[in-house]
J.: 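What follows is a single structure, and I will ask about it in a moment.
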Number of protein chains: 2
Amino acid sequence: MPAKKNYHHGDLRQSLINEATRMIAESGVEKLSMRGLAEGVGVSRTAAYHHFKDKNELLCAIAEQGFSQWYDKMGSRLKEVPDDLESWFRGFSHAYIDFAQNHAEQYDLMFGRPIWKNGQPTETLRDISFEAFQCYADFVKKCLPEDHFNQEQDALRVAQVSWSSLHGLSRLLNDGVYLDKAAINSMCDVAARLLVQNMR
Amino acid sequence: MPAKKNYHHGDLRQSLINEATRMIAESGVEKLSMRGLAEGVGVSRTAAYHHFKDKNELLCAIAEQGFSQWYDKMGSRLKEVPDDLESWFRGFSHAYIDFAQNHAEQYDLMFGRPIWKNGQPTETLRDISFEAFQCYADFVKKCLPEDHFNQEQDALRVAQVSWSSLHGLSRLLNDGVYLDKAAINSMCDVAARLLVQNMR
DNA sequence: CGCTTAATCTTGACAGTGTCAACATACAAT
DNA sequence: ATTGTATGTTGACACTGTCAAGATTAAGCG
């Protein structure tokens, strides 16, 4: 029952995650090296390999934490029962994009190639990331009129497409393609308008 | 003219682009190394550096070709004057996503971090990529009712948001996050419906 | 306490990377 | 033919991820 306490270096596993998150936020995933990280924590080059199978697993752990933080910030909104859906979605998309910008590097990690395509997402990561989407999909279903045509299936599709919109906006903004940060507000407005008018 | 195999390669620059594109399509950008590429073309490790300042410039050249191919496939649609906007957009989004899937690795390169965030997009790349979007934005403006409120600005926003939707869908599909390829059709339907009902 | 065992950390090593400097070759223009 | 310039090659350097083997420490048990 006494939590396994640090002997030499404290809880190295968590220290690695913290420092890596910090480094990534500072200069991007591409610049994160296992060796640099080890040095930052004050430990030997390969020490991390006793806590993570490889670099990919470390990144997955960071992404997991990201999803957890995402839920801290966004989860409450998904439990609301809004009467004005359009203004709700305006707020939601703004919050979503805010998160993606304030945790830009972590966001890119959560949904990006290094983990999902090139590496392999951990099972726990796959679970927690899917929960986030599922939670959103449930919200959408809840908001569709009860007599909506083919409610179940359609709600899923609407959730997929609208999430994709927010994701696309976030990525293009983050990477500096096409979109201007000064226009975030009006893009959220438009996104909300586009989405909602079809749901009633 | 028959290329002599001795010392000079003839058209090395284009050969490098072609082979690199092939390799990327085969196994992703991350696996592309300057050395492996050189070997694939049958040339020395650093030969490419007389045609491209660095790896980033090579990638930009590949991305440029990607945008050119994108326009070959999509440009004609943007010159149509559709009477049924919703079905037009259904077709467009399907074509867009098809392109993103058939040229998955190249698409990720065209809009991805390695170039836009980490590296630096070439000026020619910035130009050709912006042309593509501009062309789409013009189409959207053309389709808005002439008496539409604040037409100019609103058209741009709608173009940004809808492009982001397609981009988001493409990326999530490509990376294998959340979306199922079997649902592409119905997601395109929903995307078209969401977009168009606001434009009339 | 002492002994064993398993967890953790370090050092050494290897193959791989991008890219710079110096050198070699071939083509173009004088 | 001689020069200059574009193009190709070899060597080298500082990095990277990660494996194998040795060193250290904590934990479990008599």
J.: Taking the inter-plane angle between the rings of B:His103 and B:Phe99 on a 0 to 90° scale, is it parallel (under 30°), tilted (30 to 60°) or perpendicular (over 60°)?
T.: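 Because their plane-to-plane angle is under 30°, the rings of B:His103 and B:Phe99 count as parallel.
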J.: What is the minimum heavy-atom distance between B:Trp163 and B:Ala132, and which atoms define it?
T.: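 B:Trp163 and B:Ala132 have their closest heavy atoms at CZ3-O, 4.1 Å.
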J.: Specify whether A:Phe111 and A:Tyr107 have parallel, tilted or perpendicular ring planes, treating 30° as the upper limit for parallel and 60° as the lower limit for perpendicular.
T.: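 Answer is tilted, since the angle falls between 30° and 60°.
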J.: Could you list by number each residue of residues 30-39 of chain A showing a heavy-atom separation from DNA chain D of less than 4.0 Å, or answer none if no residue does?
T.: A:Leu32, A:Ser33, A:Met34, A:Arg35
J.: Would you be so kind as to tabulate the donor-acceptor pairs closer than 3.5 Å made by side chains of residues 57-65 of chain A, with sequence neighbours excluded?
T.:
unit_1, atom_1, unit_2, atom_2, d
A:Glu57, OE1, A:Lys53, N, 3.0
A:Glu64, OE2, A:Thr124, OG1, 2.5

J.: Any N or O donor-acceptor pair under 3.5 Å from the base of C:dG12 to the side chain of A:Arg45?
T.: yes
J.: Do A:Ser164 and B:Tyr178 have side-chain N/O donor and acceptor atoms under 3.5 Å apart?
T.: no
J.: For DNA chain D, find the residues of residues 46-62 of chain B with a heavy-atom distance under 4.0 Å and give them by number; none if there aren't any.
T.: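 Per residue number, the list reads B:Thr46, B:Ala47, B:His50, B:His51.
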J.: Kindly indicate whether the side chain of A:Val41, heavy atoms from C-beta on, has any atom under 4.5 Å from the side chain of A:Asn18.
T.: no
J.: Do A:Glu105 and A:Leu109 make a side-chain contact, defined as non-hydrogen atoms from C-beta onward lying under 4.5 Å apart?
T.: no
J.: A side-chain contact here means heavy atoms from C-beta on lying under 4.5 Å apart; do B:Leu166 and B:Phe92 qualify?
T.: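 When only atoms from C-beta onward are counted, B:Phe92 and B:Leu166 do touch, with a gap below 4.5 Å.
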